[in-house]
Amino acid sequence: MNNKKAFIFDLDGVIVDTAKYHYLAWQKIANELNIDFTLEHNELLKGVSRVRSLDIILELGKVEASQEDKDKWLFQKNEDYLSYLVDMNESEILQGVFPVLKFLKEKGQPIALGSASKNARPILEKTGILSYFDAIVDGNDVTNAKPDPEVFLIAAKLLNINPEDAIVFEDSVAGVQAANIGKMTSIGIGSATVLHEAKYIFNNFTEIDTNFIEDLIKE
């Protein structure tokens, strides 16, 4: 019986809530372009690449732009976003995440990060949990965005675990779909209405107990 699983975590909205910083950075650009950009609109950007996110915002405002302008705004957005990350520390880790990471480490389970974020490493460093991860696959390592399972398949491969023995924690629909397409066990973190395609759903990590994790390892 193989009691090693690959536990793969998304970053934004799962380990840390950097969504608020993305929102502030995008809102700043939207304001400059006189585009109304609300928190509801921001939901459309969940799990979506930076380039596509900008296109969505421009579509909202019916704004036509040259590639040169787009490149300028994409750079500006990332600079603004990074400026918010400077002061990040362990207090930014979402409640309940740390005990799960600790328990997995104690059980000798391989842990990976599978995120579209290109800033994953600095975020894990600043929040003091980089050492918990045996592999990190981020936006710098993949060509296909979720729901393509590429990011998770690479993570499982780096951990030497078959995809069907991988468990993925995700907060976006695209992420859950990517896990399912990759034949992995999907665990949705967030609203059951939104993440209904996940095999298991929890509002947040505080609802996940060690017995549940034990069962996943034994499955």
Side-chain angles (χ1 to χ4, degrees), residues 5-23 42-50 52-53 81 85 88 92-101 104 109-127 129-130 132-159 161 163 166-192 194-208 212-213 216:
K5 294 287 199 289
F7 285 86
I8 306 171
F9 292 75
D10 176 43
L11 181 65
D12 293 348
V14 173
I15 293 177
V16 289
D17 182 17
T18 50
K20 58 191 173 197
Y21 301 135
H22 285 294
Y23 174 60
N42 196 49
E43 286 295 307
L44 301 170
L45 311 187
K46 260 195 173 177
V48 175
S49 72
R50 198 186 308 164
R52 179 70 195 121
S53 293
Y81 171 68
L85 300 187
M88 273 191 103
E92 299 268 352
I93 298 171
L94 291 170
Q95 226 184 334
V97 173
F98 191 60
V100 171
L101 286 174
L104 290 173
Q109 295 297 310
I111 304 170
L113 188 88
S115 166
S117 169
K118 290 191 170 174
N119 304 300
R121 280 174 192 277
I123 290 172
L124 292 178
E125 274 173 26
K126 285 180 183 301
T127 52
I129 54 172
L130 184 63
Y132 281 84
F133 293 86
D134 303 296
I136 291 167
V137 186
D138 63 17
N140 300 299
D141 308 307
V142 292
T143 40
N144 302 307
K146 302 165 188 176
D148 189 290
E150 183 188 19
V151 64
F152 298 143
L153 291 171
I154 294 172
K157 196 175 175 187
L158 288 172
L159 298 178
I161 301 285
I167 292 128
V168 173
F169 297 96
E170 258 291 351
D171 74 319
S172 73
V173 175
V176 167
Q177 289 170 342
N180 292 342
I181 292 165
K183 306 275 189 290
M184 301 175 174
T185 301
S186 54
I187 300 180
I189 304 293
S191 155
V194 178
L195 304 173
H196 57 87
E197 291 173 60
K199 185 172 181 186
Y200 303 102
I201 303 167
F202 299 94
N203 287 309
N204 55 56
F205 272 88
T206 61
E207 296 179 358
I208 300 178
F212 174 72
I213 301 282
L216 287 175

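Using modelled atom types, no side-chain atom of Gln177 and backbone atom of Pro147 make a donor-acceptor pair closer than 3.5 Å. A donor-acceptor pair is defined here as one N or O able to donate and one able to accept, closer than 3.5 Å; such a pair exists between the side chain of Gln109 and the backbone of Lys5. A donor-acceptor pair is defined here as one N or O able to donate and one able to accept, closer than 3.5 Å; such a pair exists between the side chain of Asp141 and the backbone of Asp138.
In this structure, NZ on Lys183 lies 8.5 Å from CD1 on Ile181, to the nearest 0.5 angstrom. Interatomic distance, Lys118 NZ to Ser49 OG, rounded to the nearest 0.5 Å: 8.5 Å. With values rounded to the nearest 0.5 angstrom, Asn203 atom CG is found 9.5 Å from Ile201 atom CD1. One finds the CG atom of Asp171 at 10.5 Å from the CD1 atom of Ile15 (value rounded to the nearest 0.5 Å). A distance of 15.0 Å separates OH of Tyr132 from CG of Leu113, quoted to the nearest 0.5 Å. With rounding to the nearest 0.5 angstrom, the CG atom of Asn180 is 9.0 Å from the OG1 atom of Thr185.
Side-chain contact between Phe9 and Ile129 is absent, with no heavy-atom pair separated by less than 4.5 Å. With contacts defined as side-chain heavy-atom distances shorter than 4.5 Å, the pair Ile136/Leu130 qualifies. Ile189 has its side chain within reach of Ile208: a pair of non-hydrogen atoms, C-beta onward, lies under 4.5 Å apart. Taking the side chain as every heavy atom from C-beta outward, Leu94 and Phe205 never approach each other to under 4.5 Å. The closest side-chain heavy-atom distance from Leu11 to Asn119 is not below 4.5 Å. Contact of the Glu150 side chain with the Ile154 side chain is registered, since non-hydrogen atoms from C-beta on lie closer than 4.5 Å. Residues Val142 and Asp148 form no side-chain contact, since every pair of their non-hydrogen atoms from C-beta on lies 4.5 Å or further apart. Counting only heavy atoms from C-beta outward, the side chains of Val97 and Phe169 never approach each other to under 4.5 Å.
In terms of the side-chain contact (heavy atoms from CB on, under 4.5 Å) criterion, residue partners of Asn42 (sequence neighbours excluded) are, by chain and number, Tyr23, Phe37, Leu45. Under the ring-ring contact (aromatic ring centres under 6.0 Å, His included) criterion, Phe212 pairs with Tyr200, Phe202, not counting sequence neighbours. The salt bridge (charged side-chain N to carboxylate O under 4.0 Å, His left out) check on Glu207 picks up nothing, with sequence neighbours excluded. Shown here are the ring-ring contact (aromatic ring centres under 6.0 Å, His included) partners of Phe7, two or more places apart in sequence or in another chain: there are none. Every residue meeting the side-chain contact (heavy atoms from CB on, under 4.5 Å) condition with Thr18, not counting sequence neighbours, appears here in chain and number order: Asp12, Val16, Tyr21, His22, Tyr81, Leu85, Met88, Ile123. Qualifying salt bridge (charged side-chain N to carboxylate O under 4.0 Å, His left out) partners for Lys20, counting only residues two or more places apart in sequence or in other chains: Glu92.
Of all non-hydrogen atoms in Pro163 and Gly182, the two that sit nearest each other are CB-O, 3.4 Å. Of all the heavy atoms in Met184 and Ala156, the pair that sits closest is CE-CB, 4.1 Å. In this structure, Ala166 and Ile8 approach most closely via the heavy-atom pair CB-CD1, 4.1 Å. Scanning all heavy atoms of the two residues, the minimum distance from Gly175 to Lys146 falls at CA-CD, 3.8 Å. The two atoms that bring Glu197 and Val173 nearest to each other are OE2-CG1, 4.1 Å, heavy atoms only. In plain terms, the two heavy atoms of Ser186 and Ala198 that are nearest each other are OG-CA, 3.3 Å.
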